[in-house]
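Worksheet: one structure, shown below.
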Amino acid sequence: MRLQAVLFDMDGTLLDSAPDFIAICQAMRADRGLPPQDEKAIRDVVSGGARAMVATAFEMDPEAPEFEPLRLEFLERYQNHCAVLTRPFDGIDELLADIEQAKLIWGVVTNKPVRYAEPIMEQLGLAGRSAVLICPDHVKNSKPDPEMLLLACSQLNLDPASVLFVGDDLRDIESGRAAGTRTAAVSYGYIHPSDNPAHWGADVVVHHPLELRAVLDRALCSC
């Protein structure tokens, strides 16, 4: 079936949001008189969400009694700092232009709550271009469950087989496969050092956004 749409995970795939997360962690440490944490250590666990980042930033067990207030403070700070340093990954702007020129639809399916995802898309000028934005707020089950992707396909009135889903985490690929979409794993995102996208079972693995151009060309030529 000919490709009609490309759906992207947000953090680590479409957008490099780690600089905002890192800045918040470092500010929280500085406020407590602590030296900066290793930035790579925080970046490596971005896919694990606020819980993983706070645990890494403060080298603290999430079960510790003082952990939850830190996590809530992190989320409150992120609400006001979610699109300060966040930018599309290198090559994404050109890739989106190629997708639009090819008359394809593109959108975002993310486990990031809508209260953060919407303002980020607005501030980066992507909201008016994206055909769909699906967040956990819109469904009962988030990725790796296929519900989010199936909802996106339903809203776009597309057969999942005509959609390519691009992500930087195993749960993205599992979600796409369960929904019946084609899948592309990206190695440039927030991959834990012990993980390997080549082992996720994606249809293709790419190392830079512009490598997706060749993937799209092949898909557009298929029947």
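What you are looking at is a predicted structure, and each value in this text was computed from that prediction instead of being measured.
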Might you point out which heavy atoms bring Leu156 and Ala131 nearest each other, and give the distance in Å? CD2-CB, 3.7 Å

Distance from Leu124 atom CG to Arg129 atom CZ, nearest 0.5 Å? 10.5 Å

Rounded to the nearest 0.5 Å, what's the gap from OG on Ser187 to CG on Asn196? Could you check? 9.0 Å

Under 3.5 Å donor-acceptor, Thr110 side chain and Cys135 backbone: no

Between Ile120 and Lys112, is any pair of side-chain heavy atoms under 4.5 Å apart? yes

With under 30° as parallel and over 60° as perpendicular, where do the rings of Tyr190 and Phe89 fit, or are they tilted in between? tilted

Distance (rounded to the nearest 0.5 Å) between Ile134 CD1 and Leu7 CG: 9.0 Å

Return yes if a side-chain donor-acceptor contact under 3.5 Å exists between Asp172 and Trp200, otherwise no. no

Quick check: do Asp16 and Arg43 have side-chain heavy atoms less than 4.5 Å from each other? yes

Would you say that more than 12 heavy atoms from the other residues, nucleotides or ligands in this model lie under 6.0 Å from the CD of Glu76, or not? no

So, Tyr188 side chain and Thr13 main chain: donor-acceptor pair closer than 3.5 Å or not? yes

Give a yes or no on whether Asp31 atom CG has more than 12 heavy-atom contacts from other residues, nucleotides or ligands under 6.0 Å away. yes

Rounded to the nearest 0.5 Å, how far apart are OG of Ser17 and CD1 of Ile22? 9.5 Å

Are Leu3 and Leu96 connected into the same hydrophobic cluster when the rule is that any two of I, L, V, M, F, W, Y join if their side-chain heavy atoms are below 4.5 Å apart? yes

Heavy-atom count check: over 12 atoms from other residues, nucleotides or ligands less than 6.0 Å from Gln101 CD? no

Cluster check Ile42, Tyr78: I/L/V/M/F/W/Y, side chain < 4.5 angstrom: yes

For Lys140, is there any backbone N or O sitting under 3.5 Å from a side-chain donor or acceptor partner on Glu147? yes

